[in-house]
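Beneath this line is the structure, given in structure tokens, with notes to follow.
Count residues from 1 along the sequence.
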Amino acid sequence: MKNNATIYYSAWDWMPVLIIIATVLVCLFSIISINVVLAITITVFLALIEVAAFLGTYYEINDDELIVHSSFKVIKYPIAKIKKIKPTNSWLAAPAASLSKRIAITFTDKTILRNYTPLIISPVRQSEFIQQLSFINPNIEVDSTLI
């Protein structure tokens, strides 16, 4: 990470908490009759992996790149190629720990994401995040509901 990088963690809402609780309940109820120690061990292990995955999701703006860290995967996107940012309620799988605080970023050409599907993320301090991207690329169209 360079000195001028800014980190934005993924916003959380009820979704990651619900997933972790569901995992715990399914594991405990499905395995507890077989072996209590095994059930608790598997449950704790899976819950920790999920928490690490959600906590490992964050976004970095570094010079002219938007770097998305999602668990163990890191992908760099050129900020100069961002076309539009708008709010979304999409349930598509995305590097975002929130369903209610998501934004969709579309790029100028499909080679960035290999299709025209937008990049869906959920940064905390959304206004600051969008303002920083717009400072680097003033041509970004920002949906008026985000301003």
**Prompt:** Can you name the closest pair of heavy atoms from K101 and Q126 and give their distance?
**Reply:** O-NE2, 2.9 Å
**Message:** Between L55 and Y9, is there a side-chain heavy-atom distance shorter than 4.5 Å?
**Reply:** no
**Asked** Is the number of heavy atoms from other residues, nucleotides or ligands under 6.0 Å of Q131 CD greater than 12?
**Response** no
**Message:** Once rounded to the nearest 0.5 Å, what's the spacing between atom CD1 of I130 and atom CD1 of I85?
**Reply:** 5.0 Å
**Request:** May I ask you to test the L119-P95 pair for a side-chain heavy-atom distance under 4.5 Å?
**Result:** yes
**Prompt:** What pair of heavy atoms forms the shortest contact from V124 to A11, and how long is it?
**Reply:** CG1-CA, 3.6 Å
Ignoring hydrogens and angles, write down the donor-acceptor pairs under 3.5 Å from the side chains of residues 136-147, residues two or more places apart or on other chains.
| from | atom 1 | to | atom 2 | distance (Å) |
| --- | --- | --- | --- | --- |
| N137 | OD1 | N139 | N | 3.0 |
| N137 | ND2 | I79 | O | 3.0 |
| N137 | ND2 | A80 | O | 3.3 |
| N137 | ND2 | I82 | O | 3.2 |
| D143 | OD1 | T145 | N | 2.9 |
| D143 | OD1 | T145 | OG1 | 2.5 |

**Request:** Nearest 0.5 Å please: distance from the CG atom of D64 over to the CG atom of L133.
**Result:** 11.5 Å
**Fill in**
Scanning both residues in full, the closest heavy-atom pair of Y8 with Q132 reads OH-OE1, 2.6 Å
**Asked** Could you walk me through whether L66 and I105 pass the side-chain contact (heavy atoms from CB on, under 4.5 Å) check?
**Response** CA-CA 11 Å; L66 169 60; I105 299 176; 4.0 Å; yes
**Request:** Might you point out which heavy atoms bring N115 and T117 nearest each other, and give the distance in Å?
**Result:** OD1-N, 2.9 Å
**Prompt:** Shortest non-hydrogen contact from L38 to N35?
**Reply:** N-OD1, 3.1 Å
**Prompt:** Is the backbone of H69 close enough, under 3.5 Å, to the side chain of E60 for a donor and an acceptor to pair up by distance?
**Reply:** no
**Partner set under salt bridge (Lys or Arg N to Asp or Glu O under 4.0 Å) for K81, not counting sequence neighbours** = D109
**Request:** Group every Ile, Leu, Val, Met, Phe, Trp and Tyr by side-chain heavy-atom contacts under 4.5 Å, then state whether W14 and V51 land in the same group.
**Result:** yes
**Prompt:** Any link between Y58 and I67 through a network of hydrophobic side chains (Ile, Leu, Val, Met, Phe, Trp, Tyr) touching at under 4.5 Å?
**Reply:** no
**Complete:** For N62 and A5 the tightest heavy-atom approach is ND2-CB, 3.7 Å
**Prompt:** Roughly how far, to the nearest 0.5 Å, is CG of D13 from CG of L99?
**Reply:** 5.5 Å
**Message:** Parallel, tilted or perpendicular: which one describes the rings of W12 and F54, with boundaries at 30° and 60°?
**Reply:** perpendicular
**Prompt:** OG1 of T43 to CG of L48: how many Å apart, nearest 0.5 Å?
**Reply:** 10.5 Å
**Message:** Starting from I121, can I reach L92 by hopping between I/L/V/M/F/W/Y residues whose side chains sit under 4.5 Å apart?
**Reply:** no
**Prompt:** In Å and rounded to the nearest 0.5 Å, what is the CD1 to CD1 distance from I75 to I112?
**Reply:** 12.0 Å
**Request:** Report yes or no: do L18 and I20 belong to one cluster of Ile/Leu/Val/Met/Phe/Trp/Tyr joined by side chain heavy-atom distances under 4.5 Å?
**Result:** yes
**Asked** Between OG of S100 and CG of N89, what distance do you get to the nearest 0.5 Å?
**Response** 8.0 Å
**Message:** Are M15 and W91 linked, directly or through intermediate hydrophobic residues, by side-chain heavy-atom contacts shorter than 4.5 Å (ILVMFWY only)?
**Reply:** yes
**Asked** Can you tell if the side chain of T6 reaches within under 4.5 Å of the side chain of F129, non-hydrogen atoms only?
**Response** no
